[in-house]
Protein chains: 2
Amino acid sequence: MEVTKRPGGRSARVRDAVRNATLAELAEHGFRGLTVENVAERSGVHKTTVYRRWGSVEGLIADALELAAHEPWPVPDTGTVEGDLRGVVELVRSGFEDPELGPVSSAFVAAAMQSPEAARALHAFFEARHDQSAQVVRRGVERGELPVTVDAREVVRVAVAPVYYRLFVAHEPVSREDADRAADAALAAARAGVL
Amino acid sequence: MEVTKRPGGRSARVRDAVRNATLAELAEHGFRGLTVENVAERSGVHKTTVYRRWGSVEGLIADALELAAHEPWPVPDTGTVEGDLRGVVELVRSGFEDPELGPVSSAFVAAAMQSPEAARALHAFFEARHDQSAQVVRRGVERGELPVTVDAREVVRVAVAPVYYRLFVAHEPVSREDADRAADAALAAARAGVL
DNA sequence: GAGTTAACGCAACTGGAGTTGTCTTTGGAA
DNA sequence: TTCCAAAGACAACTCCAGTTGCGTTAACTC
């Protein structure tokens with residue numbers, strides 16, 4: 001994306017300013033409170049510029065999302081699949097509890113439900129996340145803790161799904177125990193050979 | 001909710017007209033395309049009235065959601081837990097593929113992410129759904145297919161979660177096989193005693 | 001069946017999101 | 001250095017979601 005003919009200097013500064021402003025606004029006011037005008041004012045960039053380059057709030061979010069997708073994320077390494085997978089799920093859960101990251105992450109999910117552009121960006125984001133997280137499952141297979149037939153990415157999906165389901169669909173609280181149980185369930189299914 | 005001092009006659013007609021118009025608009029244009037003005041015009045009710053009684057688009061959705069929560073839904077009865085749980089998950093999956101129900105259901109999920117009011121309504125909705133669906137698990141326990149210690153509602157959650165996760169979070173397609181696998185995974189975990 | 005008032009209809013208004021046309025700045029190439 | 005075009009700034013405008021004040025209708029009460 002972003003086929004800019006002038007990547008240097010002012011354009012780059014503007015882009016960074018807008019991205020940072022987007023994240024800051026998102027953290028403060030969430031997706032509902034995100035407006036192009038506020039982002040423009042906060043970044044010091046004129047609103048017409050933001051409209052022309054990003055088009056809308058969804059565009060802003062899609063752009064910020066691409067940034068986030070490239071950021072590395074700390075895959076746990078406790079020595080056992082149980083510990084690692086629990087760690088991954090707990091990382092997800094606690095991320096949404098964080099007053100800084102929580103609103104931003106939630107905004108991403110919300111935006112993707114309304115904008116195909118943001119949906120594509122979020123899809124790519126999770127594609128990357130699944131790949132990274134699947135590592136803990138693959139290590140488990142290498143250690144002989146899991147059958148070689150397991151679909152590592154699918155195990156990750158099944159493990160984290162209940163957390164997202166509770167948060168964004170059923171709108172129930174998610175405790176640490178809930179997260180652990182979800183990880184354990186995915187693991188049990190993998191051991192039983194259904195994943 | 002809805003402490004109406006004049007539940008009869010005109011007020012009731014207005015309420016029904018608006019509810020139906022909301023569902024119709026939702027089915028046609030989805031959550032993004034839902035506006036108070038369109039609902040007002042379609043229902044033949046003046047927009048001021050809609051604004052005063054429902055407040056906003058989210059209010060309209062929350063109201064429609066309460067209706068949906070009370071509607072019974074066909075819990076499968078195939079004779080085995082496998083069949084029943086697969087049936088439940090497949091019912092969820094196919095529901096979102098349905099050109100009629102799909103957009104409406106998706107709109108509910110989307111609205112709940114932006115409005116506490118809709119979130120509460122959706123929470124109640126899933127509370128009811130979980131209760132009804134848990135029946136298939138309880139029957140499995142009675143038949144001796146599952147240990148008596150299982151948390152029936154939790155099994156349901158883990159079973160359907162991957163479908164919602166794929167659809168609304170990771171934005172991946174969900175095949176029938178994916179749905180079956182999710183049901184099987186929850187079942188395997190239940191048999192292993194982790195749910 | 002007459003009075004009361006909750007609920008609805010109507011029209012005019014407000015505010016802010018998004019657009020358009022034009023001028024100015026500046027990055028990059030010759 | 002010079003030049004040109006891409007990208008940004010600015011102001012003025014459009015348009016529509018949401019509001020307000022007031023008149024009208026029709027449920028409920030006695």
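Sequence lines set the chain letters: A, B, ... in the order given, protein chains first and strands last, and positions in each chain run from 1.
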Study note, to complete from the structure: Between A:G79 and A:E145 the two heavy atoms that sit nearest each other are O-OE1, 4.5 Å

Among [options], which is the nearest nucleotide to the side chain of [X]?
| X | options | result |
| --- | --- | --- |
| A:R53 | C:dG18, D:dG8, D:dG18 | D:dG8 |
| B:R13 | D:dA12, D:dG18, D:dA27 | D:dA27 |
| B:Y51 | D:dG8, C:dA17, D:dT19 | D:dT19 |
| A:V14 | D:dG8, C:dG18, D:dG18 | D:dG8 |
| A:T48 | C:dA11, D:dA11, C:dA7 | D:dA11 |

Review point. Can we say B:D184 and B:R181 salt-bridge, meaning some charged N sits less than 4.0 Å from an Asp/Glu carboxylate O?
Key: no

[N] [atom2] sits how many Å from [X] [atom1], rounded?
| X | N | atom1 | atom2 | result |
| --- | --- | --- | --- | --- |
| A:K47 | C:dG16 | NZ | C1' | 8 Å |
| B:W54 | D:dT19 | CH2 | P | 15 Å |
| A:E37 | D:dA9 | CD | P | 15 Å |
| A:E41 | C:dG16 | CD | C1' | 13 Å |

Contact under 4.0 Å: [X] side-chain N or O vs [N] OP1/OP2:
| X | N | value |
| --- | --- | --- |
| A:R52 | D:dA7 | no |
| B:H46 | C:dC8 | no |
| B:S11 | C:dC8 | yes |

Practice item. Answer yes or no: does atom CZ of A:R176 have more than 12 heavy-atom neighbours from other residues, nucleotides or ligands under 6.0 Å? Key: no

Check your understanding: Any chance the side chains of B:E58 and B:S56 put a donor and an acceptor closer than 3.5 Å?
Key -> yes

